[in-house]
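In this chain, residues are counted from 1 in sequence order. Every number for a ligand or one of its atoms is a count from 1 in the order of the listing.
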Amino acid sequence: MDNRYFTFVSRSRHWTRLVRGSHLFQQATGALADIVGVDTGFILYQKQLFLNEPEPLRVYGAWGALETFLGELRNHHAEEVESRIQDLCEFIPPGWSQVEHLRSPIQAVCRAYGMYHIGVWPLHIEQKQVGVVVLGSLQPVLPPHWNDMYICIQQIELVLEVLYARRLSEMNRQQFQSLVENNPDIIYQTDVAGNLVYANASFQEITGYRLEDLQTRRSRRALIVSEHMEKAASHRAKVLSGLSQSLEIAIHNQQGRRVHLSINSVPVMAEGVVTGIFAIAKDLTGHIEAQRELSAAKGLYESFISSSADGIAVIDRDGRYLRVNAAFEQMYGCTKAELVGQYRPFYPDAPESEMWVRLALQGETVHAETGRFGKDGQWMDISVAVSPVIDNQGDVIAISSISRDITERKRAEMALIEAETKYRTIVEESLVGVYIIEDNIYRFVNPKMAEIFGYGEHEMIGLHAWDLVTPEDLELCKENVRKRIDGEVESIRYQMKGRRKDGTVIDIEVHGTRTSFHGKPVIIGTLLDVTERTETEELIRKADKLAVVGQLAAGVAHEIRNPLTALKGFVQLLAEDRQNGRYCDIMLSELNRINRIIDELLLAAKPSLPTFERKNVSDILSDVLSLMSTQCVIKNINVSPLIHQQVPAIHCDANQMKQVFLNVLKNAVEAVPVGGEIQVSVLLQDVDHVMIRIADNGPGIPEDRLPKLGEPFYTNKDTGTGLGLMVSYRIVETHRGSMKIQSHEGTGTTVDIVLPIEQERSQMAVSLFS
Ligand code: ADP
Ligand code: MG
């Protein structure tokens, strides 16, 4: 509420008017209206006084006919009127002017509307024109009492001035208040006793306490950390003595957290006496923490750079060294003193480094490898990363480089490549199969391994380990694999039977070791196809036996033969005596049998050199068949010969061949039951070979006994010698042929004798025992 009064005095009419408070201006203009008369009017244009005023011009005190006129004017020519009034305000000379004397543009408008101007008067506040008073009438009237007018306008000026000042101070007060109230810093005032007189919102925000809880000095003191109490007390004392002071202290806020404050205090003076303290406290906590973090980060960065084993250098945009660490000095053989502050090439030994710097200046990071001779004259491989240092505006402010000595790594890499190549060649070209099994799956096989099992290399990868094992050896394999994976044994060597892709069974010798591959336990192994070796071993074993038996037999046979001749002679003599004839016949036949065995034995032991000649196999076979025919008739055996007439003659010892056929045929006759069947065929196997097949439908031979055939004395007959097949094998062999016995229990036996048509004499004499 404004309690000031203004008195307007009219000299001519002797009236006074009291104006009060906010309606000041309206009333002042009202007074003016009184002076100039009702039938006249005036317009007060006021220039914009304050920045926050919505309109650039204010119009006051238009009424009556003038108001209507102005309304019209504004409705139709708002913009024109505004601009004309603006002009009027600008160009009007000081003091009263008769409108008629003015070249005012508004005059033209007035005239156009039948409006008379009396005059205009500029309004000033502090030498600044702030508006204009325009007097006008709808009739041409006399100017009013000039004196009164002058006084009235002066009064208006005064009123405006007061208004202006008042508004200004109000605005300042508001601005000040909002500044204080919304200030992020604590602003407060206390009296001399320390009681809070005023505090802004930040006080509560920063401390976390309500204002009423911190009203007294004692309550506020309790917040200060103990080590700062004394400092705070002396600060206060100094301010109360009339000195402005600043102070940094820490307090505990309501949550118990430490808050750092920087306080500026000034004494509040009234008539030379200190009546209180006005203070501004800034919260430095965030700042201090940031500072601390920054210095921690800086320390970290510093220690990282200085202790890094990599050479680190930073240059500015122009190529001047800003920083190098010890590793860099050592790596490049120059000192910090020689580099820092100097323009030196970034990488003295790498011409391409200029390009790296250029790229880094464009914001790119370059990774490259280079090298140089160190102080010791040794070549050093270096990997470098050159990257831009970018500020928070995104500008490249410097370039950093990190160099790492990778000589050792390179050397190791090379060694690794060499080792790898060596290993690869060994494995790839190896004559043994090499494989890696992980989770029982083949992860790697070398070409030989694939060849042994008849697969392609890629085909084999991914196969299950058990796929290549025969069922009977599966348990053995599983157990051996388990032992290695579980670490029970480091490596293991064993034999097993493997199964090739085509189903054939092969003898395998395995040597496997546990190792790790991609961090998982795997088995790496080598493996050998020993089928041939096993077969050879078997053959050697047989031959060994033959040799011993043969030697024995030869000795025995020789010793027996002489007494036998004598015995035979006497038995023949005895046979002439009729009485003993029957026994003698039996004895003679037995003696013949013994003789035959001895013949066979001697043949086996020391075969006489065969005499080769061209003979037709069919002829030999026919002889043998006729020899056997009696026995066949007795047993009612049906022999069906299928003899290919076109078969060429072969080079052979006819007697020995006869014996072979006889032995085989005899076995067949002995094997088949009464009424059985024997098929004898001769055919051309290929251009170079004839084949003689003797097949019977006898009981056949059990599978487990097949390998035993051909061993001496292997017989299952009461009267058998077990030498027939052995001798036959021998003879066929000396003829460079082969004899194969196939037999299935229940269906019969087939013996295939394959003989070459041509024989080379030199090869004939091969004898097992010589
Ligand atoms: P032996 O005839 O004196 O027994 P061999 O050497 O001629 O001696 O034959 C050895 C064994 O082979 C015979 O005892 C017999 O068990 C078996 N054998 C040979 N040929 C046949 C066949 N055709 N059918 C069945 N078993 C046979
Ligand atoms: Mg026999």
Asks: Kindly compute the distance separating CD1 (Ile731) from CE (Met739), expressed to the nearest 0.5 Å.
Replies: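 If I round to the nearest 0.5 Å, the distance is 9.5 Å.
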Asks: Tell me: protein heavy atom nearest atom 12 (O) of ligand 1, and distance?
Replies: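 Nearest protein contact, heavy atoms only, for atom 12 (O) of ligand 1 is Leu709 CD2, 3.4 Å.
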Asks: Return yes when Gly698 approaches ligand 1 closer than 4.0 angstrom through a heavy atom, no otherwise.
Replies: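 Not so, Gly698 does not reach ligand 1.
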Asks: With atom 20 (N) of ligand 1 as the reference point, say which of Ile694, Val751, Asn667 has the nearest heavy atom.
Replies: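 Considering heavy atoms of Ile694, Val751, Asn667, the nearest to atom 20 (N) of ligand 1 sits in Asn667.
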Asks: What protein heavy atom sits nearest atom 4 (O) of ligand 1, and how far off is it?
Replies: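 Result: Thr715 OG1, 2.6 Å.
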Asks: If I apply the N/O under 3.5 Å rule, does Arg705 come out as touching ligand 1?
Replies: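 For ligand 1, there is no N or O atom that lies under 3.5 Å from one belonging to Arg705.
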Asks: Can Asp439 and Lys520 be counted as an ion pair, charged N to O under 4.0 angstrom?
Replies: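 Yes, charged N to carboxylate O under 4.0 Å.
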Asks: Note the single closest protein heavy atom to atom 11 (C) of ligand 1, along with its residue, its atom name and the distance in Å.
Replies: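 Looking only at protein heavy atoms, the one closest to atom 11 (C) of ligand 1 is Tyr714 O, 3.8 Å.
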Asks: Can you confirm whether more than 12 heavy atoms, excluding those of Arg500, are under 6.0 Å from its CZ atom?
Replies: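 Count over threshold, so yes.
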Asks: Does any N, O or S atom in Asn667 come within less than 2.8 Å of the Mg ion (ligand 2)?
Replies: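 An N, O or S atom of Asn667 is closer than 2.8 Å to the Mg ion (ligand 2), so yes.
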Asks: For atom 26 (N) of ligand 1, what's the nearest protein heavy-atom neighbour? Residue, atom name and distance, please.
Replies: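 Looking only at protein heavy atoms, the one closest to atom 26 (N) of ligand 1 is Ile701 CG1, 3.6 Å.
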Asks: Could you tell me the residue and atom name of the protein heavy atom closest to atom 15 (C) of ligand 1, and the distance to it rounded to 0.1 Å?
Replies: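 Checking every protein heavy atom, the shortest distance to atom 15 (C) of ligand 1 gives Asn716 OD1, 3.4 Å.
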Asks: Taking 4.0 Å as the limit for heavy-atom contacts, which would you say applies to Thr749 with ligand 1: side chain only, backbone only, both, or neither?
Replies: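 Side chain only.
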Asks: Could you measure the distance from the CD1 atom of Ile757 to the CD1 atom of Ile650? Nearest 0.5 Å is fine.
Replies: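 Rounded to the nearest 0.5 Å, the CD1-CD1 separation comes to 8.5 Å.
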Asks: Do any nitrogen or oxygen atoms of Gly700 lie less than 3.5 angstrom from nitrogen or oxygen atoms of ligand 1?
Replies: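 Not met; the criterion fails.
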Asks: Verify the ring-centre separation between Tyr494 and His511: is it less than 6.0 angstrom?
Replies: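 No, the ring of His511 stays outside the 6.0 Å limit from the ring of Tyr494, centre to centre.
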Asks: Does the pair Glu488/Arg484 count as a salt bridge with the N-to-O cut at 4.0 Å?
Replies: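 Looking at Arg484 together with Glu488, the answer is no, because their closest N to O distance does not fall below 4.0 Å.
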Asks: For Gly722, take its heavy atoms, then give the atoms of ligand 1 lying under 4.0 Å from any of them.
Replies: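 Result: 1 (P), 3 (O), 6 (O), 8 (O).
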Asks: With side chain to side chain contact (heavy atoms under 4.5 Å, CB included) as the test, pick out the partner of Gln685 among Val754, Asp752, Val647.
Replies: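 Result for side chain to side chain contact (heavy atoms under 4.5 Å, CB included) with Gln685: Val754.
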Asks: Just distances here: any N/O of Asn663 and N/O of ligand 1 closer than 3.5 Å?
Replies: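 Asn663 vs ligand 1: no N/O contact under 3.5 Å.
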Asks: Is it true that Glu428 and Lys448 have a side-chain N and a carboxylate O under 4.0 angstrom from each other?
Replies: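 Salt bridge: no.
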Asks: Show the numbers, then the answer: is there a side chain to side chain donor-acceptor pair (under 3.5 Å) between Asn667 and Lys717?
Replies: CA-CA 10 Å; Asn667 282 344; Lys717 301 169 194 163; 3.0 Å; yes
Asks: Hey, is Asp696 one of the residues with a heavy atom under 4.0 angstrom from ligand 1?
Replies: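 Distance cut 4.0 Å: Asp696 passes for ligand 1.
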Asks: Are any of the side-chain nitrogens in Arg533 or Glu509 under 4.0 Å away from the carboxylate oxygens of its partner?
Replies: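 Result for this pair is yes, salt bridge flagged.
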Asks: Give me the residue, atom name and distance of the protein heavy atom closest to atom 6 (O) of ligand 1.
Replies: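 The closest heavy atom on the protein side is Leu725 N, 2.8 Å.
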Asks: In the protein, which heavy atom is nearest to atom 24 (N) of ligand 1, and how far is it?
Replies: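 The closest one turns out to be Ala671 CB, 3.2 Å.
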